[in-house]
Undergrad: 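There's a structure below that I have some questions on.
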Amino acid sequence: MADPVETDPEAARGFRAFLKTLGPGLITGAADDDPSGIGTHSQVGAAFGYGLAWTFVLSFPLMVAIQQIAAEIGRVTGAGIARNLRRHYPRPILWAMVSLLLVANVINLGADLSAMGAALVLLIGGNGALYTLLFGILCIVLEVGLSYARYAAILKWTTLSLFTYFAVVMVAHVPWGHALRSLVVPELQFNLAYATAFVAILGTTISPYLFFWQAGQEIEEQHRHHAKPLCLTAKSAGPELKRIRIDTLTGMAFSTLISLAIVFATAATLHASGVRDITTSSQAAEALRPIAGHFAFVMFAAGVIGTGLLAVPVLAGSAAYAVTEMVGVAGSLDAKPLSARLFYGTIAATTLAGAALEGVGIDPARALYWAAVVNGVLAGPLMVVMMLIVRNPRAMGRLTVSRGQLVFGWAATAVMIAASALFLWFIAQGVA
């Protein structure tokens, strides 16, 4: 009889310690693959096959750099992005950025909730508008009713829903040689559709609401551990900054791998079968059923609902952090509802406003188009201001970012500004 396999206690302890370092970065990265992002990635895979897979390799270090900067703003200063804007920069900049964030987030919330309702209709039938409203109410109840520690744990476990897309890609008969080669050998096309898809990928990968959310979550973690902002304890900041790096790197890597899984799955099925016109995640799920089978269809549709339950609170929560910081009042997921009325009111108002978009007849795919426009206008200027904050000793104390972070952060900013300008040019030409 063979001896039982022994578990290395050191390795087990190391893995548990690694899991404990994961939190705001992992949740932020997973929330990046929301139902609207799944729709975009499905459209890219269906329309261009593997031709745009290389863009995820390009965007990964840029995502890591800018999200790490957002996290460090929160943890080092003890204040979110909007509060730092209020403290150090002209008020009109603050008001413009928060206003644009609110508009983009409400539209994104509407698109995500609508996608969740449509996915549930595909699975069990029924009324999509009713499901959209019920999903919105469920997210509000959970976000308002639970303590931060419990809710953060729920969000952390909800990230497991994204593994459904690994299951989909495993049954999609992907030609792995071709797929992996496309990551490093671009299959370039010189046309407007290809360029627009490239911009859309960047727009769904580097999103302003993720900056506000991760900064806010770092402040929540600071309060949960009864710690001081790192700018006040600079000498002992090393371990905490290392945790932020590991957490952010892991979260963005997870997000990128899921995005690639969706592109590969739809490229191997929809594109290979001649299905090229996909605009929403629910359309992608429905189109998969006759091509990849019932299992792939169920996993894809269920993943849309799971990712929506993760992303909707992040969208509403980022808006709430921004609004309360803009007006200078306290707001936290750990606060009691009656003591943080503006914070929780913003969560409820933005979520219900998003759910109401379907009721007034706004097409979710068209709404996402305009959300991308607003995010494109907001992302570049906001990233510039973030880069100024992390080099400002009045905000960061002795913990201004390193030269390496500065290079990658400005590179991400330059790429995003260029992509946004290109996208807006397409709109001006009437071809986007």
Undergrad: Is the closest side-chain heavy-atom distance between T205 and L62 below 4.5 Å?
TA: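 Counting from C-beta outward, T205 and L62 never come under 4.5 Å.
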
Undergrad: Going by atom types only, do Y344 and E143 share a side-chain donor-acceptor pair under 3.5 Å?
TA: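 No - no donor-acceptor pair under 3.5 Å links their side chains.
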
Undergrad: Do E72 and Q405 have side-chain N/O donor and acceptor atoms under 3.5 Å apart?
TA: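 Checked: E72/Q405 side chains pair up, N/O donor to acceptor below 3.5 Å.
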
Undergrad: About how many Å separate CG of L58 and CG of L52, when rounded to the nearest 0.5 Å?
TA: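 Nearest 0.5 Å value for the CG-CG distance: 11.0 Å.
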
Undergrad: Where do A353 and V106 come nearest, in terms of heavy atoms and distance?
TA: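 Answer, listing the atom of A353 first, then V106: CB-CG1, 3.9 Å.
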
Undergrad: Evaluate the side-chain proximity of F60 to L249: yes if any heavy-atom separation is below 4.5 Å, no if none is.
TA: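 Counting from C-beta outward, L249 and F60 do come under 4.5 Å.
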
Undergrad: Measure the spacing between CG of L388 and CG of L85 and express it to the nearest 0.5 Å.
TA: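 One gets 10.0 Å once the value is rounded to the nearest 0.5 Å.
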
Undergrad: Test side-chain contact (heavy atoms from CB on, under 4.5 Å) on L270 and R276 and set out the steps.
TA: CA-CA 7 Å; L270 305 185; R276 308 290 167 85; over 6 Å; no

Undergrad: List the residues meeting side chain to side chain donor-acceptor pair (under 3.5 Å) with R224, not counting sequence neighbours, and say none if there are none.
TA: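 Partners of R224 under the side chain to side chain donor-acceptor pair (under 3.5 Å) test: E221.
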
Undergrad: At what distance, to the nearest 0.5 angstrom, does CG of L113 lie from CG of L357?
TA: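 Output value for this atom pair is 9.0 Å.
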
Undergrad: Please report the closest heavy-atom contact between L162 and A30, naming both atoms and the distance.
TA: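 Of all heavy-atom pairs spanning L162 and A30, the closest is CD1-CB, 3.5 Å.
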
Undergrad: Does any non-hydrogen side-chain atom of L309 lie less than 4.5 Å from one of F135?
TA: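 They are in side-chain contact.
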
Undergrad: Are V385 and I81 packed together at the side-chain level, in the sense that at least one heavy-atom pair is separated by less than 4.5 angstrom?
TA: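 SC-SC contact between V385 and I81 ruled out.
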
Undergrad: Among side-chain atoms of S259 and D33, is any donor-acceptor pair under 3.5 angstrom?
TA: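 Judged by distance alone, the side chains do pair up.
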
Undergrad: Looking at Y209 and L102, would you say the former's side chain and the latter's main chain have a donor-acceptor pair under 3.5 Å?
TA: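 Not a single qualifying donor-acceptor pair exists.
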
Undergrad: Check the side chains of Q214 and T248 for a donor-acceptor pair under 3.5 angstrom, ignoring hydrogens and angles.
TA: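 Yes, a side-chain donor-acceptor pair sits under 3.5 Å.
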
Undergrad: Does D247 reach the main-chain N or O of L26 with its side chain, forming a donor-acceptor pair under 3.5 Å?
TA: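 Between the backbone of L26 and the side chain of D247 there is a qualifying donor-acceptor contact (under 3.5 Å).
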
Undergrad: Mind listing the closest non-hydrogen atom pair of L202 and S59 along with its distance?
TA: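 Looking at all heavy atoms of both residues, the shortest contact is CD2-CB, 4.1 Å.
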
Undergrad: So, the side chain of N108 versus the backbone of L315: is there a donor-acceptor pair under 3.5 Å, distance only?
TA: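 Side chain of N108 to backbone of L315, a donor-acceptor pair under 3.5 Å: no, none is there.
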
Undergrad: Are T400 and N392 side-chain neighbours, meaning at least one heavy-atom pair lies under 4.5 Å?
TA: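 Of all side-chain heavy-atom pairs linking N392 with T400, none is under 4.5 Å.
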
Undergrad: Passes side-chain hydrogen bond (donor to acceptor under 3.5 Å, both in side chains), E220 versus Y321? Steps please.
TA: CA-CA 11 Å; E220 299 277 14; Y321 286 128; 2.7 Å; yes

Undergrad: Does the salt bridge (charged side-chain N to carboxylate O under 4.0 Å, His left out) test come out yes or no for E325 and R86, once each step is laid out?
TA: CA-CA 8 Å; E325 290 169 3; R86 180 184 172 90; over 6 Å; no

Undergrad: In the structure I gave you, are the side-chain heavy atoms of V304 and S282 within less than 4.5 Å of one another anywhere?
TA: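 No, side chains not in contact.
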
Undergrad: Is the OH atom of Y89 crowded by more than 12 outside heavy atoms at less than 6.0 Å?
TA: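 It does: Y89 OH has more than 12 such atoms within range.
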
Undergrad: Rounded to the nearest 0.5 Å, what separation is found between the OG1 atom of T324 and the CZ atom of R83?
TA: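 It comes to 6.5 Å.
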
Undergrad: Is it the case that atom CD in Q222 sees more than 12 heavy atoms from other parts of the structure closer than 6.0 Å?
TA: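 Above 12, so yes.
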
Undergrad: Looking at S207 and T204, what are the two nearest heavy atoms and their distance?
TA: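 Heavy-atom minimum between the residues: OG-O, 3.6 Å.
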
Undergrad: If the test is side chain to side chain contact (heavy atoms under 4.5 Å, CB included), which one of T269, V174, V168 qualifies with F264?
TA: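 In the set T269, V174, V168, the residue that makes a side chain to side chain contact (heavy atoms under 4.5 Å, CB included) with F264 is V174.
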
Undergrad: Taking all non-hydrogen atoms of both residues into account, name the closest pair between A53 and L260 and its distance.
TA: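 Scanning both residues, the minimum pair turns out to be O-CD2, 3.9 Å.
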
Undergrad: Test H41 against every option in F300, F56, Y165, F48 by the ring pair (Phe, Tyr, Trp, His ring centres under 6.0 Å) rule and name the one that passes.
TA: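 It is F56; the other options fail the test.
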
Undergrad: Main chain of G29, side chain of S255: is a donor-acceptor contact present, judged purely on distance under 3.5 Å?
TA: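 Yes; at least one donor-acceptor contact below 3.5 Å.
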
Undergrad: Step through the shown structure and confirm whether more than 12 heavy atoms of other residues, nucleotides or ligands are within 6.0 Å of CZ on R391.
TA: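 Atom CZ in R391 is crowded, with more than 12 foreign heavy atoms closer than 6.0 Å.
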
Undergrad: Just by distance, do the side chain of R150 and the backbone of S147 share a donor-acceptor pair under 3.5 Å?
TA: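 The answer is no, because no donor-acceptor pair under 3.5 Å joins these two groups.
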
Undergrad: Can you find a heavy atom in the side chain of Q67 that is under 4.5 Å from one in the side chain of L210?
TA: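 Q67 vs L210: side chains touch.
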
Undergrad: Using salt bridge (Lys or Arg N to Asp or Glu O under 4.0 Å) as the criterion, list what pairs up with E218, not counting sequence neighbours.
TA: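 Per chain and number, E218 pairs via salt bridge (Lys or Arg N to Asp or Glu O under 4.0 Å) with R243.
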
Undergrad: Is the gap between the ring centers of F163 and F254 under 6.0 Å?
TA: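 Under 6.0 Å, so yes.
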
Undergrad: So, D334 versus S332: side-chain donor-acceptor pair below 3.5 Å or not?
TA: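 Result is no, nothing qualifies.
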
Undergrad: Show the numbers, then the answer: is there a side-chain contact (heavy atoms from CB on, under 4.5 Å) between T256 and M63?
TA: CA-CA 9 Å; T256 300; M63 288 174 65; 3.9 Å; yes

Undergrad: Would you sort out whether L123 and I305 count as a side-chain contact (heavy atoms from CB on, under 4.5 Å), showing the intermediate values?
TA: CA-CA 11 Å; L123 291 173; I305 296 171; 4.0 Å; yes

Undergrad: Working to the nearest 0.5 Å, report the span between CD of Q217 and CD1 of I27.
TA: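 Going from the CD atom of Q217 to the CD1 atom of I27 covers 6.0 Å.
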
Undergrad: What is the distance from atom CE of M299 to atom CE of M170, rounded to the nearest 0.5 Å?
TA: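 M299 CE to M170 CE: 14.5 Å, rounded to 0.5 Å.
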
Undergrad: Can you list the steps and then say if I347 with L333 is a side-chain contact (heavy atoms from CB on, under 4.5 Å)?
TA: CA-CA 10 Å; I347 287 174; L333 285 170; 4.2 Å; yes

Undergrad: For the residue pair N105 / T350, report whether a side-chain donor-acceptor contact shorter than 3.5 Å exists.
TA: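 Absent: no donor and acceptor within the cut-off.
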
Undergrad: Does any part of the side chain of F166, heavy atoms only, come nearer than 4.5 Å to the side chain of L257, both counted from C-beta?
TA: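 Side chain of L257 against side chain of F166, heavy atoms only: contact under 4.5 Å found.
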
Undergrad: How close do A322 and A82 get, heavy atom to heavy atom, and via which atoms?
TA: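 Closest pair (atom of A322, atom of A82, distance): O-CB, 3.7 Å.
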
